[in-house]
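All remarks here apply to the structure that follows.
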Amino acid sequence: NMEPSTLASSNKRAEDNQKVKLNNGQTLPLLGLGTYSPEGKADPEGLKTVLKHAILVEGYRFIDLAKAYGNEGVIGEAFEEVFATEGGPKREDIYILSKIWMDEYWDVEGSLRNALKRLKLDYLDMYLIHFPLGKKDEETGVYKKRPNHELWADMEKMVDLGLTKGIGISNYNCQSTLDLLSYCKIPPAVIEMELHCYFPQERYLQWLKKQGIQPVGYSPLTNYQYVLPAAFQKAGPQDPVIMKIAEKHKCTTGQVLLAWGMKRGYPVIPKTSKIARLKENFDSIYVKLDDDDMKTIAEEIKASGRTIDPAVWDFTDYVPIFDQVICQIQLQ
């Protein structure tokens, strides 16, 4: 059982986390928790502890999940314990998002029902199409892709069935999104996409705003393993421009990167396996960057490029859906 004072402080922090309103009437907290863990690094008990601490102690109320992360079962156990905690948040207090994976696109209802079973939930708040791609059949090596318009029609049915309150997309480029808007009955409420100061996607964001689709930024701290040269991988974001702003605000470089995303008007979903980092990341909601900071980052950070690129993945048959290649940022 949790101390009432801890739960009260956690609820207060949750209230401090501003929200954005979606086109389906839902509200989404600006700071969420990502749950992806790199292959081979899975630590089920550790993840359960982190998740419970995030919700019950630090005040996280938006959790980002996916079938592809392979950990929904453990997360379901954590949710069960959280919702059984006296005085703790109830199911309706937590915004839970998950994603359907490419080998599940032919059975959307079955996939969503399986996800709910793993997560021990009756419904999701948001269900996303993870990539507008197909997948190679592991046995035959044949690449199979379901047409997006068929897939989306099935996603819309999930809302009618009450299995998810909202539906959206992830990693859709502008052309795929534009196409989707021409035939959808329910427009996507959310698009999850890679967004950080090395890959700001400014033009796309402006267009999405006009369409009423809310971006959610993944890899907001950038993705060290791909982006940063070896010397910086262990230290995290060591960019001199960001370090200067962190000094000014007496905060960490990670907090600057998260505050930058939120100041641009979209939720960010940093992931961590460290309890202490949960608090540091959440506290970025209290870091208020000013227009000068935003201008400095826009003008002085020149590196650009994404870190997630299916064109290098065998299982998606190397489809280059994005025009930018993986970047290698060279820090001065």
Side-chain angles (χ1 to χ4, degrees), residues 9-10 12-20 29-34 36 50 53-54 57-62 64 193-202 205 215-308 326-332:
S9 139
S10 156
K12 165 76 173 75
R13 285 165 69 79
E15 279 165 29
D16 291 344
N17 192 356
Q18 289 177 356
K19 296 184 169 74
V20 286
L30 273 179
L31 191 96
L33 179 69
Y36 170 73
V50 161
H53 189 91
V57 179
E58 300 303 344
Y60 284 82
R61 295 292 180 265
F62 166 26
D64 178 79
M193 52 202 275
E194 181 172 347
L195 287 166
H196 44 77
C197 61
Y198 301 103
F199 193 59
Q201 302 217 53
E202 191 60 54
L205 286 190
V216 170
Y218 72 71
S219 293
L221 299 169
T222 72
N223 189 318
Y224 308 146
Q225 75 199 54
Y226 290 129
V227 182
L228 300 175
F232 292 99
Q233 281 188 14
K234 295 200 168 40
Q238 289 257 0
D239 190 300
V241 178
I242 303 296
M243 287 167 86
K244 207 166 61 191
I245 293 170
E247 276 167 35
K248 170 180 158 182
H249 289 277
K250 298 185 172 41
C251 68
T252 67
T253 50
Q255 287 172 334
V256 172
L257 296 178
L258 296 172
W260 175 85
M262 292 186 279
K263 172 116 175 140
R264 297 174 85 214
Y266 55 79
V268 290
I269 43 172
K271 57 182 183 282
T272 182
S273 55
K274 300 179 179 72
I275 295 279
R277 194 60 59 72
L278 283 172
K279 177 171 164 49
E280 179 191 321
N281 289 348
F282 196 94
D283 283 348
S284 62
I285 66 171
Y286 303 113
V287 174
K288 302 296 179 200
L289 300 186
D290 57 39
D291 293 342
D292 279 350
D293 301 325
M294 299 304 278
K295 194 164 172 269
T296 300
I297 290 172
E299 288 172 3
E300 293 187 27
I301 290 185
K302 295 284 185 274
S304 113
R306 58 174 80 244
T307 69
I308 301 292
I326 286 186
C327 75
Q328 290 296 334
I329 294 169
Q330 293 306 322
L331 299 179
Q332 277 69 48

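Worth knowing before you read on, the calculation uses all heavy atoms, side chains too, and leaves out hydrogens, waters and symmetry mates.
Residues Thr272 and Arg277 share a closest heavy-atom pair of OG1-CB, 3.2 Å. Of all heavy-atom pairs spanning Trp260 and Pro200, the tightest one is CH2-CB, 3.9 Å. Taking each heavy atom of Cys251 and Val256 in turn, the nearest pair found is SG-CG2, 3.7 Å. Of all non-hydrogen atoms in Val50 and Ser273, the two that sit nearest each other are CG2-O, 3.5 Å. Of all the heavy atoms in Ser219 and His196, the pair that sits closest is O-CD2, 3.3 Å. Of all heavy-atom pairs spanning Gly32 and Pro270, the tightest one is O-CD, 3.4 Å.
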For this session: Evaluate the salt bridge (Lys or Arg N to Asp or Glu O under 4.0 Å) criterion for residues Asp293 and Lys263: first the C-alpha distance (whole Å), next the side-chain angles of each, then the deciding distance (0.1 Å), finally the verdict.
Result: CA-CA 11 Å; Asp293 301 325; Lys263 172 116 175 140; over 6 Å; no
Exercise. Can you check salt bridge (Lys or Arg N to Asp or Glu O under 4.0 Å) on Lys244 and Glu247, steps first, answer last?
Worked result: CA-CA 5 Å; Lys244 207 166 61 191; Glu247 276 167 35; over 6 Å; no
For this session: Carefully, step by step, assess Lys295 and Asp291 under the rule salt bridge (Lys or Arg N to Asp or Glu O under 4.0 Å).
Result: CA-CA 6 Å; Lys295 194 164 172 269; Asp291 293 342; over 6 Å; no
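Under the 4.0 Å criterion applied to side-chain N and carboxylate O atoms, Lys248 and Asp292 are not assigned as salt-bridge partners.
Asp64 is not listed as a side-chain neighbour of Val216, based on a closest heavy-atom distance of 4.5 Å or more. A heavy-atom distance below 4.5 Å is not found between the side chains of Thr253 and Leu221. Considering only heavy atoms from C-beta on, Pro220 stays 4.5 Å or farther from Leu257 through its side chain. Residues Arg61 and Ser10 meet the side-chain proximity criterion, which asks for heavy atoms closer than 4.5 Å. Annotation: side chain of Leu31 is in contact with side chain of Met262 (closest heavy-atom distance under 4.5 Å). Between Arg264 and Pro215, the closest side-chain pair of non-hydrogen atoms is not below 4.5 Å. You'll find the side chain of Ile285 stays beyond 4.5 Å of the side chain of Leu30, heavy atoms only. Annotation: side chain of Tyr266 is in contact with side chain of Val268 (closest heavy-atom distance under 4.5 Å).
Separating the CD1 atom in Ile245 from the CD1 atom in Ile297 is a distance of 4.0 Å, to the nearest 0.5 Å. Within the model, atoms CG of Leu258 and CZ of Phe282 stand 11.5 Å from one another, a figure rounded to the nearest 0.5 Å. If you take CG on Asn281 and CD1 on Ile269, they are separated by 12.0 Å, rounding to the nearest 0.5 Å. The CE atom of Met193 lies 7.5 Å from the CZ atom of Phe199; values are rounded to the nearest 0.5 Å. Remark: Lys279 NZ to His53 NE2 distance equals 9.0 Å, nearest 0.5 Å.
Although no hydrogens or angles enter the test, the distance criterion places a donor-acceptor pair under 3.5 Å between the side chain of Tyr60 and the main chain of Leu278. Put simply, the side chain of Gln255 never gets that close to the backbone of Ala246: no donor and acceptor are under 3.5 Å apart.
Asp16 pairs with exactly one of Gln18, Arg13, Lys12 by the side-chain hydrogen bond (donor to acceptor under 3.5 Å, both in side chains) rule, that one being Lys12.
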